[in-house]
2 protein chains.
Amino acid sequence: MRNKVVACPVETTLLLINDRWKVMILRELLDGTKRFGELRKAIGTVSAKVLTSHLRSMEEDGLVDREIFAEVPPRVEYTLTELGNSLKPILDAMKDWGTNYQEMVTVEVEQPKV
Amino acid sequence: MRNKVVACPVETTLLLINDRWKVMILRELLDGTKRFGELRKAIGTVSAKVLTSHLRSMEEDGLVDREIFAEVPPRVEYTLTELGNSLKPILDAMKDWGTNYQEMVTVEVEQPKV
DNA sequence: CCGAATCCAGTAGGATACTG
DNA sequence: CAGTATCCTACTGGATTCGG
């Protein structure tokens with residue numbers, strides 16, 4: 001596992017999840033274990049190449065576990081590690097803020113009707 | 001102000017702060033109003049062009065206010081709007097996580113000494 | 001001092017085809 | 001199904017120069 005540390009704690013966090021895709025992957029895996037295909041479908045628009053590379057990176061960083069099942073057709077499952085799960089408060093904060101923002105914007109848009 | 005909204009609240013948040021630089025700008029401005037030069041120095045390694053473009057984007061999104069002083073030499077100050085300040089919980093969560101991670105990694109590194 | 005304009009390199013990320 | 005390999009495009013961001 002790579003250790004990424006800089007002086008500022010916020011920057012340290014950014015070194016691990018500075019990326020839109022990584023946040024999306026976290027969002028999905030916080031719900032529980034998912035297969036590669038499920039993950040890709042859930043995120044919506046992401047190529048296999050990009051999804052794979054980000055999952056590998058998160059694996060190296062100790063955020064994600066990868067389990068391969070020797071079956072036909074093959075099955076690969078991704079699960080958050082304890083460290084990965086510990087990022088939940090950040091995702092929750094983002095979810096809360098996004099929810100409030102959406103409501104605020106919706107109200108603003110509806111105002112003119114009055 | 002642009003209204004950026006998608007179905008998922010987390011993604012909505014990402015539309016506004018999907019970027020390393022924007023998070024860094026937020027971190028600095030949560031401390032209070034700063035001049036362009038102060039901001040640039042505090043962030044460390046960022047070109048004027050990139051800093052400017054991100055500040056403009058955040059202005060359009062209603063996160064940042066820009067105040068120009070007609071002086072010589074010119075002075076431009078950036079301040080978070082109420083909306084910008086409302087992102088503080090997310091930054092706090094990132095700071096908390098980063099702090100814990102740094103401590104964890106430090107302990108791991110020191111273990112072999114024993 | 002703030003920042004706009006231009007040029008340029010590196011890279012993120014999509015499309016496609018192929019494999020175990 | 002879950003990737004890998006290759007090719008290609010578009011954007012990010014730095015460096016530099018110039019202006020108010």
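Letters go in sequence order (proteins before strands), and every chain restarts at 1.
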Value in whole Å for how far the [atom2] atom of [N] lies from [atom1] of [X]:
{"X": "A:Leu51", "N": "C:dA15", "atom1": "CG", "atom2": "C1'", "result": "16 Å"}
{"X": "A:Glu38", "N": "D:dG3", "atom1": "CD", "atom2": "C1'", "result": "16 Å"}
{"X": "A:Lys22", "N": "C:dA12", "atom1": "NZ", "atom2": "C1'", "result": "13 Å"}
{"X": "B:Glu77", "N": "C:dG3", "atom1": "CD", "atom2": "C1'", "result": "16 Å"}
{"X": "A:Ile43", "N": "C:dG13", "atom1": "CD1", "atom2": "C1'", "result": "14 Å"}
{"X": "A:Asp19", "N": "D:dT12", "atom1": "CG", "atom2": "P", "result": "13 Å"}
{"X": "A:Lys41", "N": "D:dA2", "atom1": "NZ", "atom2": "C1'", "result": "17 Å"}
{"X": "A:Ile25", "N": "C:dG13", "atom1": "CD1", "atom2": "C1'", "result": "13 Å"}

Item to check | Within 6.0 Å of NZ in B:Lys22, more than 12 heavy atoms from elsewhere | outcome: yes
Under a 4.5 Å cut-off applied to non-hydrogen side-chain atoms, are [X] and [Y] in contact?
{"X": "A:Arg75", "Y": "A:Glu67", "result": "no"}
{"X": "A:Thr99", "Y": "B:Thr12", "result": "no"}
{"X": "A:Ile25", "Y": "A:Tyr78", "result": "no"}
{"X": "A:Glu103", "Y": "A:Thr106", "result": "no"}
{"X": "A:Leu80", "Y": "A:Asp65", "result": "no"}

Next on the checklist: Within the 4.0 Å heavy-atom criterion, would you say A:Arg35 contacts the bases, only the backbone, or no part of the nucleic acid?
Outcome noted: sugar-phosphate
[X] side chain, from C-beta outward: closest of [options]:
{"X": "B:Val46", "options": "C:dG3, C:dG14, D:dG14", "value": "D:dG14"}
{"X": "B:Lys49", "options": "D:dG13, C:dG3, D:dC7", "value": "D:dG13"}
{"X": "B:Ser47", "options": "D:dG3, C:dG13, D:dG14", "value": "D:dG14"}

Next on the checklist: If I compare all heavy atoms of A:Cys8 with all of B:Arg27, which pair ends up nearest, and what's the gap?
Outcome noted: SG-NH1, 3.0 Å
Checklist entry - A:His54 side chain N/O closer than 4.0 Å to the phosphate oxygens (OP1, OP2) of C:dA12? => result no
Checklist entry - Heavy-atom contacts under 4.0 Å between residues 55-74 of chain A and DNA chain D, which residues? => result A:Arg56, A:Arg66, A:Pro73, A:Pro74
